[in-house]
Amino acid sequence: MNCFMLVDCNNFYVSCERVFNPALEGKPTIVLSNNDGCVVARSNEVKELGILRGTPLFKCEDLVKKHQINVFSSNYTLYADMSGRVMNILEQFTPQLEIYSIDEAFLSIAGLEGEALVHYGQNIKQTVERWTGIPVTVGIGTSKTLAKIAAKIAKGKSGICSLVAHPQIDEILTNFAVADIWGIGSQYTARLKRYGIHNAKQLRDAPDRWVKKQLTIMGLRTVRELRGIPCFPLEEIPPPRKGIVSSRSFGQPVTELGELREAVASYAARAGEKLRAQGSIAGYLTVFVSTNPYQEHHSQYANAASLCLPMATANTRELISYATKLLESIYKSGYIYKKAGVVLNEIRPESNPQLSLFIPPEPWQQNRKLTQLMDGINARWGRDTIHYGAQGINQRWQLRRDYLSRRYTTRWDELPEVKI
DNA sequence: TCTGGGGTCCTAGGACCC
DNA sequence: TCTGGGGTCCTAGGACCC
(Lines give C-alpha, C1' and ligand atoms only; values in the text may rest on other atoms or scores of the structure.)
Protein backbone atom coordinates (compact mmCIF):
# COMPACT_ATOMS: atom_id res chain seq x y z
CA MET A 1 0.00 0.00 0.00
CA ASN A 2 1.08 3.55 -0.73
CA CYS A 3 1.15 6.16 2.00
CA PHE A 4 2.32 9.68 2.59
CA MET A 5 4.97 10.76 5.02
CA LEU A 6 5.36 14.38 6.02
CA VAL A 7 8.75 15.47 7.31
CA ASP A 8 8.47 18.84 9.02
CA CYS A 9 11.38 20.78 10.50
CA ASN A 10 10.62 22.00 14.01
CA ASN A 11 10.62 25.81 14.43
CA PHE A 12 12.81 25.80 11.35
CA TYR A 13 14.34 29.29 11.37
CA VAL A 14 15.03 29.12 15.10
CA SER A 15 16.56 25.66 14.69
CA CYS A 16 18.87 26.96 11.95
CA GLU A 17 20.14 29.69 14.28
CA ARG A 18 20.67 27.14 17.04
CA VAL A 19 22.77 24.84 14.88
CA PHE A 20 25.44 27.52 14.69
CA ASN A 21 24.85 29.03 18.10
CA PRO A 22 24.26 26.14 20.51
CA ALA A 23 24.07 28.53 23.46
CA LEU A 24 20.53 29.28 22.24
CA GLU A 25 19.47 25.71 23.03
CA GLY A 26 16.66 25.76 25.58
CA LYS A 27 16.57 29.58 25.54
CA PRO A 28 13.56 31.52 24.24
CA THR A 29 14.36 32.61 20.69
CA ILE A 30 12.46 34.30 17.86
CA VAL A 31 13.14 35.11 14.22
CA LEU A 32 11.57 38.20 12.66
CA SER A 33 10.04 38.82 9.24
CA ASN A 34 11.64 41.09 6.69
CA ASN A 35 12.28 44.57 8.00
CA ASP A 36 12.31 43.17 11.54
CA GLY A 37 8.55 43.64 11.57
CA CYS A 38 6.74 40.57 12.89
CA VAL A 39 7.57 37.35 14.71
CA VAL A 40 7.60 34.55 12.14
CA ALA A 41 9.37 31.75 14.00
CA ARG A 42 9.33 30.94 17.69
CA SER A 43 11.12 28.43 19.85
CA ASN A 44 8.92 26.25 22.07
CA GLU A 45 9.82 28.42 25.07
CA VAL A 46 8.39 31.45 23.27
CA LYS A 47 5.25 29.59 22.19
CA GLU A 48 4.66 28.80 25.85
CA LEU A 49 4.85 32.50 26.68
CA GLY A 50 1.86 32.99 24.41
CA ILE A 51 3.52 35.11 21.73
CA LEU A 52 1.65 34.37 18.50
CA ARG A 53 3.11 34.00 15.05
CA GLY A 54 2.71 37.30 13.23
CA THR A 55 2.87 39.51 16.29
CA PRO A 56 4.62 42.80 15.50
CA LEU A 57 7.88 43.07 17.44
CA PHE A 58 6.95 46.39 19.04
CA LYS A 59 3.87 44.80 20.55
CA CYS A 60 5.82 42.17 22.43
CA GLU A 61 8.92 44.13 23.33
CA ASP A 62 8.08 43.99 27.04
CA LEU A 63 7.97 40.19 27.00
CA VAL A 64 11.18 40.11 24.95
CA LYS A 65 12.96 42.14 27.63
CA LYS A 66 11.38 40.41 30.58
CA HIS A 67 12.25 36.89 29.41
CA GLN A 68 15.48 37.84 27.67
CA ILE A 69 14.24 36.43 24.39
CA ASN A 70 16.95 36.12 21.75
CA VAL A 71 15.95 38.02 18.62
CA PHE A 72 17.13 37.41 15.05
CA SER A 73 16.42 39.05 11.72
CA SER A 74 15.51 36.66 8.89
CA ASN A 75 18.71 35.19 7.50
CA TYR A 76 17.15 33.74 4.42
CA THR A 77 20.49 32.83 2.82
CA LEU A 78 21.24 30.55 5.76
CA TYR A 79 17.76 29.02 5.94
CA ALA A 80 17.60 28.27 2.23
CA ASP A 81 20.97 26.54 2.35
CA MET A 82 20.03 24.47 5.42
CA SER A 83 16.74 23.56 3.76
CA GLY A 84 18.64 22.28 0.73
CA ARG A 85 20.73 20.06 2.97
CA VAL A 86 17.66 18.57 4.64
CA MET A 87 15.97 17.93 1.30
CA ASN A 88 19.09 16.27 -0.12
CA ILE A 89 19.05 13.81 2.75
CA LEU A 90 15.36 13.03 2.26
CA GLU A 91 16.01 12.42 -1.42
CA GLN A 92 18.38 9.63 -0.49
CA PHE A 93 15.51 7.78 1.17
CA THR A 94 13.09 8.06 -1.74
CA PRO A 95 13.00 9.78 -5.10
CA GLN A 96 9.24 10.19 -4.62
CA LEU A 97 9.61 13.49 -2.83
CA GLU A 98 7.66 16.73 -2.96
CA ILE A 99 9.40 19.74 -1.46
CA TYR A 100 6.32 21.47 -0.15
CA SER A 101 7.91 24.47 1.52
CA ILE A 102 11.25 25.60 2.88
CA ASP A 103 10.80 23.39 5.94
CA GLU A 104 8.46 20.57 4.86
CA ALA A 105 8.47 17.69 2.42
CA PHE A 106 6.02 14.94 1.54
CA LEU A 107 7.43 11.52 0.77
CA SER A 108 5.55 8.71 -0.90
CA ILE A 109 6.31 5.38 0.74
CA ALA A 110 5.33 2.12 -0.89
CA GLY A 111 5.43 -1.42 0.42
CA LEU A 112 5.83 -0.73 4.13
CA GLU A 113 3.24 -1.18 6.89
CA GLY A 114 2.89 -1.16 10.64
CA GLU A 115 6.10 -1.36 12.64
CA ALA A 116 8.34 -1.35 9.57
CA LEU A 117 6.78 1.90 8.37
CA VAL A 118 7.28 3.67 11.68
CA HIS A 119 10.81 2.31 11.89
CA TYR A 120 11.58 3.75 8.47
CA GLY A 121 10.24 7.12 9.56
CA GLN A 122 12.38 6.99 12.68
CA ASN A 123 15.43 6.25 10.57
CA ILE A 124 14.73 9.29 8.38
CA LYS A 125 14.18 11.49 11.42
CA GLN A 126 17.39 10.43 13.11
CA THR A 127 19.46 10.77 9.96
CA VAL A 128 18.29 14.32 9.27
CA GLU A 129 18.90 15.31 12.87
CA ARG A 130 22.34 13.77 13.03
CA TRP A 131 23.55 15.11 9.70
CA THR A 132 22.15 18.66 9.87
CA GLY A 133 21.35 19.37 13.52
CA ILE A 134 17.78 20.29 12.57
CA PRO A 135 15.11 18.48 14.64
CA VAL A 136 12.18 17.18 12.59
CA THR A 137 8.73 15.71 13.13
CA VAL A 138 7.36 12.86 11.02
CA GLY A 139 3.68 12.24 10.30
CA ILE A 140 2.38 9.27 8.31
CA GLY A 141 -1.08 8.76 6.80
CA THR A 142 -2.91 7.40 3.78
CA SER A 143 -3.47 10.96 2.48
CA LYS A 144 -1.50 14.18 2.75
CA THR A 145 -4.12 15.65 5.06
CA LEU A 146 -3.88 12.67 7.43
CA ALA A 147 -0.08 12.84 7.32
CA LYS A 148 -0.35 16.50 8.31
CA ILE A 149 -2.62 15.61 11.21
CA ALA A 150 -0.23 12.84 12.28
CA ALA A 151 2.66 15.31 12.30
CA LYS A 152 0.69 17.74 14.47
CA ILE A 153 -0.07 14.97 16.92
CA ALA A 154 3.57 13.88 16.94
CA LYS A 155 4.81 17.37 17.76
CA GLY A 156 5.67 17.74 21.41
CA LYS A 157 5.55 13.96 21.83
CA SER A 158 7.92 11.38 20.41
CA GLY A 159 8.21 13.30 17.14
CA ILE A 160 6.71 10.54 15.02
CA CYS A 161 3.13 9.35 14.53
CA SER A 162 1.43 7.05 12.05
CA LEU A 163 -2.30 7.06 11.48
CA VAL A 164 -2.16 4.28 8.89
CA ALA A 165 -4.69 1.58 9.84
CA HIS A 166 -4.90 3.09 13.31
CA PRO A 167 -7.52 1.29 15.44
CA GLN A 168 -8.50 4.44 17.38
CA ILE A 169 -8.74 6.77 14.41
CA ASP A 170 -12.27 7.93 15.36
CA GLU A 171 -11.17 8.91 18.83
CA ILE A 172 -8.07 10.69 17.50
CA LEU A 173 -10.09 12.71 14.99
CA THR A 174 -12.67 13.56 17.66
CA ASN A 175 -9.90 15.12 19.72
CA PHE A 176 -8.50 17.02 16.75
CA ALA A 177 -9.84 20.57 16.32
CA VAL A 178 -11.25 21.46 12.94
CA ALA A 179 -9.10 24.63 12.94
CA ASP A 180 -5.93 22.52 12.90
CA ILE A 181 -6.82 20.66 9.71
CA TRP A 182 -4.70 21.52 6.68
CA GLY A 183 -6.93 23.60 4.39
CA ILE A 184 -9.31 24.81 7.10
CA GLY A 185 -8.46 28.39 8.00
CA SER A 186 -10.07 30.87 10.36
CA GLN A 187 -13.02 31.74 8.10
CA TYR A 188 -14.00 28.14 7.50
CA THR A 189 -13.50 27.32 11.17
CA ALA A 190 -15.96 30.04 12.14
CA ARG A 191 -18.47 28.89 9.54
CA LEU A 192 -18.23 25.23 10.59
CA LYS A 193 -18.62 26.25 14.20
CA ARG A 194 -21.94 27.90 13.36
CA TYR A 195 -23.14 24.51 12.14
CA GLY A 196 -21.88 22.73 15.24
CA ILE A 197 -18.83 21.15 13.61
CA HIS A 198 -15.86 21.45 15.92
CA ASN A 199 -13.64 18.43 15.37
CA ALA A 200 -12.14 16.45 12.51
CA LYS A 201 -14.43 13.44 12.93
CA GLN A 202 -17.55 15.58 12.59
CA LEU A 203 -16.17 17.14 9.42
CA ARG A 204 -15.09 13.78 8.02
CA ASP A 205 -18.64 12.45 8.45
CA ALA A 206 -20.43 15.50 7.01
CA PRO A 207 -22.41 14.94 3.78
CA ASP A 208 -20.53 15.66 0.54
CA ARG A 209 -23.10 18.02 -0.96
CA TRP A 210 -23.24 20.17 2.12
CA VAL A 211 -19.44 20.33 2.37
CA LYS A 212 -19.09 21.33 -1.26
CA LYS A 213 -21.65 24.07 -0.85
CA GLN A 214 -20.00 25.49 2.26
CA LEU A 215 -16.30 24.97 1.55
CA THR A 216 -16.15 24.63 -2.26
CA ILE A 217 -14.59 21.75 -4.11
CA MET A 218 -11.31 22.20 -2.24
CA GLY A 219 -13.03 21.65 1.09
CA LEU A 220 -14.67 18.50 -0.25
CA ARG A 221 -11.25 17.18 -1.24
CA THR A 222 -10.02 17.83 2.28
CA VAL A 223 -12.96 15.88 3.69
CA ARG A 224 -12.31 12.96 1.36
CA GLU A 225 -8.68 13.01 2.47
CA LEU A 226 -9.87 12.76 6.08
CA ARG A 227 -11.64 9.57 5.02
CA GLY A 228 -8.32 8.25 3.74
CA ILE A 229 -8.97 8.84 0.03
CA PRO A 230 -5.99 10.71 -1.44
CA CYS A 231 -7.15 13.73 -3.46
CA PHE A 232 -3.95 15.79 -3.40
CA PRO A 233 -1.30 13.82 -5.29
CA LEU A 234 2.41 14.05 -4.69
CA GLU A 235 3.91 16.74 -6.94
CA GLU A 236 7.47 15.68 -7.48
CA ILE A 237 8.20 18.28 -10.14
CA PRO A 238 7.11 21.73 -9.04
CA PRO A 239 4.90 23.31 -11.72
CA PRO A 240 6.34 26.58 -13.03
CA ARG A 241 5.02 29.64 -11.21
CA LYS A 242 2.07 31.39 -12.80
CA GLY A 243 2.90 34.71 -11.24
CA ILE A 244 6.11 36.08 -9.79
CA VAL A 245 6.04 38.81 -7.19
CA SER A 246 8.95 40.79 -5.87
CA SER A 247 8.04 43.36 -3.27
CA ARG A 248 9.34 44.79 -0.02
CA SER A 249 8.42 47.34 2.56
CA PHE A 250 11.11 49.96 2.97
CA GLY A 251 13.47 50.11 5.91
CA GLN A 252 12.84 53.85 5.99
CA PRO A 253 9.95 55.84 4.59
CA VAL A 254 10.47 56.97 1.00
CA THR A 255 9.05 60.14 -0.52
CA GLU A 256 11.17 60.92 -3.59
CA LEU A 257 10.59 59.43 -7.01
CA GLY A 258 14.33 58.85 -7.39
CA GLU A 259 14.48 56.46 -4.46
CA LEU A 260 11.28 54.70 -5.46
CA ARG A 261 12.79 54.21 -8.90
CA GLU A 262 15.83 52.49 -7.40
CA ALA A 263 13.65 50.21 -5.31
CA VAL A 264 11.35 49.30 -8.19
CA ALA A 265 14.35 48.68 -10.46
CA SER A 266 15.78 46.34 -7.83
CA TYR A 267 12.50 44.45 -7.50
CA ALA A 268 12.27 44.16 -11.28
CA ALA A 269 15.78 42.73 -11.31
CA ARG A 270 14.86 40.19 -8.60
CA ALA A 271 11.69 39.20 -10.46
CA GLY A 272 13.78 38.72 -13.60
CA GLU A 273 16.17 36.43 -11.73
CA LYS A 274 13.29 34.30 -10.47
CA LEU A 275 11.82 34.17 -13.96
CA ARG A 276 15.08 33.00 -15.54
CA ALA A 277 15.67 30.50 -12.75
CA GLN A 278 12.58 28.60 -13.88
CA GLY A 279 13.35 29.07 -17.57
CA SER A 280 10.39 31.33 -18.32
CA ILE A 281 9.55 34.65 -19.89
CA ALA A 282 6.75 37.00 -18.88
CA GLY A 283 4.34 38.96 -21.03
CA TYR A 284 2.60 41.13 -18.45
CA LEU A 285 4.12 43.43 -15.87
CA THR A 286 2.56 45.25 -12.93
CA VAL A 287 4.09 47.85 -10.61
CA PHE A 288 2.42 48.87 -7.36
CA VAL A 289 3.19 51.36 -4.61
CA SER A 290 1.50 52.09 -1.32
CA THR A 291 1.83 54.19 1.80
CA ASN A 292 1.69 52.63 5.27
CA PRO A 293 -1.94 51.64 5.91
CA TYR A 294 -1.29 51.43 9.66
CA GLN A 295 -0.38 55.12 9.82
CA GLU A 296 -3.97 56.24 9.82
CA HIS A 297 -3.24 59.90 10.49
CA HIS A 298 -1.06 60.15 7.38
CA SER A 299 -2.68 60.64 4.01
CA GLN A 300 -2.96 57.32 2.22
CA TYR A 301 -2.27 56.42 -1.37
CA ALA A 302 -2.03 53.09 -3.15
CA ASN A 303 -2.00 52.46 -6.83
CA ALA A 304 -0.90 49.98 -9.47
CA ALA A 305 -0.27 50.09 -13.19
CA SER A 306 0.14 47.24 -15.66
CA LEU A 307 1.49 46.79 -19.12
CA CYS A 308 1.18 44.09 -21.73
CA LEU A 309 4.77 43.84 -22.98
CA PRO A 310 5.31 44.18 -26.74
CA MET A 311 7.31 40.98 -26.54
CA ALA A 312 7.53 38.56 -23.63
CA THR A 313 10.91 38.73 -21.95
CA ALA A 314 13.06 37.65 -19.03
CA ASN A 315 15.59 40.36 -19.64
CA THR A 316 16.36 42.50 -16.63
CA ARG A 317 17.24 45.61 -18.60
CA GLU A 318 13.87 45.57 -20.38
CA LEU A 319 11.98 44.76 -17.20
CA ILE A 320 13.61 47.68 -15.39
CA SER A 321 12.87 50.03 -18.23
CA TYR A 322 9.15 49.13 -18.43
CA ALA A 323 8.78 49.02 -14.65
CA THR A 324 10.25 52.50 -14.31
CA LYS A 325 7.80 53.92 -16.85
CA LEU A 326 4.89 52.31 -15.03
CA LEU A 327 6.10 53.70 -11.72
CA GLU A 328 6.32 57.19 -13.16
CA SER A 329 2.72 56.91 -14.33
CA ILE A 330 1.42 56.29 -10.80
CA TYR A 331 3.85 58.23 -8.64
CA LYS A 332 2.38 61.19 -6.78
CA SER A 333 4.54 63.48 -4.72
CA GLY A 334 3.62 64.45 -1.18
CA TYR A 335 3.11 60.93 0.16
CA ILE A 336 5.26 58.83 2.46
CA TYR A 337 5.68 55.52 0.68
CA LYS A 338 6.17 52.32 2.65
CA LYS A 339 6.03 49.57 0.08
CA ALA A 340 6.43 48.90 -3.62
CA GLY A 341 6.53 45.83 -5.78
CA VAL A 342 6.77 44.29 -9.22
CA VAL A 343 4.51 41.47 -10.43
CA LEU A 344 5.08 39.35 -13.53
CA ASN A 345 2.25 37.47 -15.19
CA GLU A 346 1.47 35.64 -18.43
CA ILE A 347 4.48 33.48 -17.80
CA ARG A 348 5.43 30.93 -20.41
CA PRO A 349 8.44 28.78 -21.27
CA GLU A 350 11.39 30.62 -22.72
CA SER A 351 11.73 27.88 -25.34
CA ASN A 352 8.84 29.12 -27.46
CA PRO A 353 8.91 32.89 -27.45
CA GLN A 354 6.41 34.67 -29.64
CA LEU A 355 8.75 36.78 -31.75
CA SER A 356 7.43 40.16 -32.72
CA LEU A 357 6.87 41.12 -36.28
CA PHE A 358 8.18 44.59 -35.59
CA ILE A 359 11.11 43.97 -33.27
CA PRO A 360 14.23 42.53 -34.88
CA PRO A 361 15.61 39.52 -32.96
CA GLU A 362 19.30 40.53 -32.96
CA PRO A 363 19.37 42.89 -29.96
CA TRP A 364 17.32 40.34 -28.11
CA GLN A 365 20.06 37.74 -28.54
CA GLN A 366 22.69 40.19 -27.34
CA ASN A 367 20.70 41.06 -24.26
CA ARG A 368 20.48 37.42 -23.49
CA LYS A 369 24.24 36.98 -23.50
CA LEU A 370 24.68 39.94 -21.18
CA THR A 371 22.04 38.61 -18.81
CA GLN A 372 23.62 35.17 -18.73
CA LEU A 373 26.98 36.74 -17.93
CA MET A 374 25.53 38.80 -15.10
CA ASP A 375 23.64 35.82 -13.66
CA GLY A 376 26.84 33.79 -13.80
CA ILE A 377 28.84 36.41 -11.91
CA ASN A 378 26.13 36.78 -9.28
CA ALA A 379 25.75 33.03 -8.86
CA ARG A 380 29.49 32.73 -8.32
CA TRP A 381 30.16 35.75 -6.11
CA GLY A 382 26.83 36.44 -4.42
CA ARG A 383 23.68 38.35 -5.23
CA ASP A 384 24.08 41.84 -6.64
CA THR A 385 27.84 41.55 -7.01
CA ILE A 386 27.07 43.17 -10.34
CA HIS A 387 23.84 45.07 -10.93
CA TYR A 388 22.28 47.83 -12.97
CA GLY A 389 22.97 51.45 -12.03
CA ALA A 390 19.24 52.06 -11.91
CA GLN A 391 19.10 49.96 -8.76
CA GLY A 392 21.04 52.65 -6.93
CA ILE A 393 24.19 52.66 -4.84
CA ASN A 394 23.21 53.77 -1.37
CA GLN A 395 19.80 52.07 -1.32
CA ARG A 396 18.59 53.91 1.76
CA TRP A 397 15.23 52.15 1.30
CA GLN A 398 16.81 48.75 1.98
CA LEU A 399 15.45 46.39 4.60
CA ARG A 400 16.05 46.88 8.24
CA ARG A 401 17.92 43.88 9.60
CA ASP A 402 19.29 44.83 12.97
CA TYR A 403 19.65 41.34 14.39
CA LEU A 404 21.20 39.44 11.52
CA SER A 405 23.36 36.36 12.13
CA ARG A 406 26.13 35.27 9.80
CA ARG A 407 25.69 33.39 6.56
CA TYR A 408 27.64 30.54 8.12
CA THR A 409 27.37 28.05 5.29
CA THR A 410 27.64 30.17 2.16
CA ARG A 411 30.31 32.85 2.76
CA TRP A 412 33.98 32.24 3.43
CA ASP A 413 34.24 35.39 5.51
CA GLU A 414 31.27 34.45 7.68
CA LEU A 415 32.21 30.89 8.65
CA PRO A 416 31.46 29.90 12.24
CA GLU A 417 34.42 30.26 14.57
CA VAL A 418 35.39 27.64 17.11
CA LYS A 419 37.23 28.74 20.23
CA ILE A 420 39.25 26.15 22.10
C1' DT B 1 -49.31 41.54 -16.04
C1' DC B 2 -45.98 39.32 -18.98
C1' DT B 3 -39.58 40.86 -22.34
C1' DG B 4 -35.21 34.05 -23.56
C1' DG B 5 -31.72 30.94 -23.02
C1' DG B 6 -27.34 29.31 -23.18
C1' DG B 7 -22.77 29.88 -23.73
C1' DT B 8 -17.67 31.90 -22.94
C1' DC B 9 -14.32 34.78 -20.99
C1' DC B 10 -12.44 37.83 -17.68
C1' DT B 11 -11.76 39.95 -13.22
C1' DA B 12 -12.13 40.91 -8.40
C1' DG B 13 -12.40 39.09 -4.26
C1' DG B 14 -12.12 35.55 -0.93
C1' DA B 15 -10.37 31.50 0.92
C1' DC B 16 -6.25 28.86 1.94
C1' DC B 17 -0.99 27.62 2.60
C1' DC B 18 3.98 28.41 4.63
C1' DT C 1 9.37 54.79 15.73
C1' DC C 2 7.51 50.23 15.01
C1' DT C 3 2.77 45.78 11.59
C1' DG C 4 6.37 40.30 5.97
C1' DG C 5 6.42 38.19 1.54
C1' DG C 6 5.19 34.90 -1.82
C1' DG C 7 2.25 31.72 -3.56
C1' DT C 8 -2.31 28.62 -4.94
C1' DC C 9 -7.15 27.79 -6.27
C1' DC C 10 -12.18 28.70 -6.62
C1' DT C 11 -16.46 31.38 -7.29
C1' DA C 12 -19.63 34.97 -8.44
C1' DG C 13 -20.88 38.27 -11.38
C1' DG C 14 -20.47 41.24 -15.36
C1' DA C 15 -19.65 41.78 -20.30
C1' DC C 16 -20.39 39.97 -24.43
C1' DC C 17 -22.01 36.76 -28.06
C1' DC C 18 -25.61 34.42 -30.90
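A, B, ... follow the sequence lines: proteins, then strands. Residue 1 opens every chain.
Judged by distance alone with a 3.5 Å cut-off, a donor-acceptor contact links the side chain of A/Arg53 to the base of C/dG4.
Contacts of A/Ile102 with the nucleic acid, taken as non-hydrogen atoms under 4.0 Å apart, are absent. Across all strands, A/Gln295 comes closer than 4.0 Å only to sugar-phosphate atoms, never to a base (heavy-atom distances). Contacts of A/Ser74 with the nucleic acid, taken as non-hydrogen atoms under 4.0 Å apart, are absent.
Counting only N and O atoms by type, the side chains of A/Glu225 and A/Thr145 include a donor and acceptor under 3.5 Å apart. There is a side-chain donor-acceptor pair under 3.5 Å between A/Thr316 and A/Arg276.
In this structure, A/Gln395 contributes its side chain and A/Gln391 its backbone to a donor-acceptor pair below 3.5 Å.
Dashed line: the shortest gap from a side-chain N or O of A/Asn35 to OP1 or OP2 of C/dT3 is not under 4.0 Å. In this model, the phosphate group of C/dC2 is not approached by any side-chain N or O of A/Lys338 to a distance below 4.0 Å at OP1 or OP2.
Between A/Pro239 and A/Phe58, it is A/Phe58 whose nearest contact on DNA chain C lies nearer the 5' terminus.
With sequence neighbours excluded, no residue satisfies side-chain hydrogen bond (donor to acceptor under 3.5 Å, both in side chains) with A/Ser247.
Spacing of C1' atoms, B/dG4 relative to C/dC17, comes out at 14 Å, to the nearest Å.
Shown here, C/dC18 forms a base pair with B/dG5; the pair counts as Watson-Crick or G-U wobble because both key distances fall under 3.5 Å.
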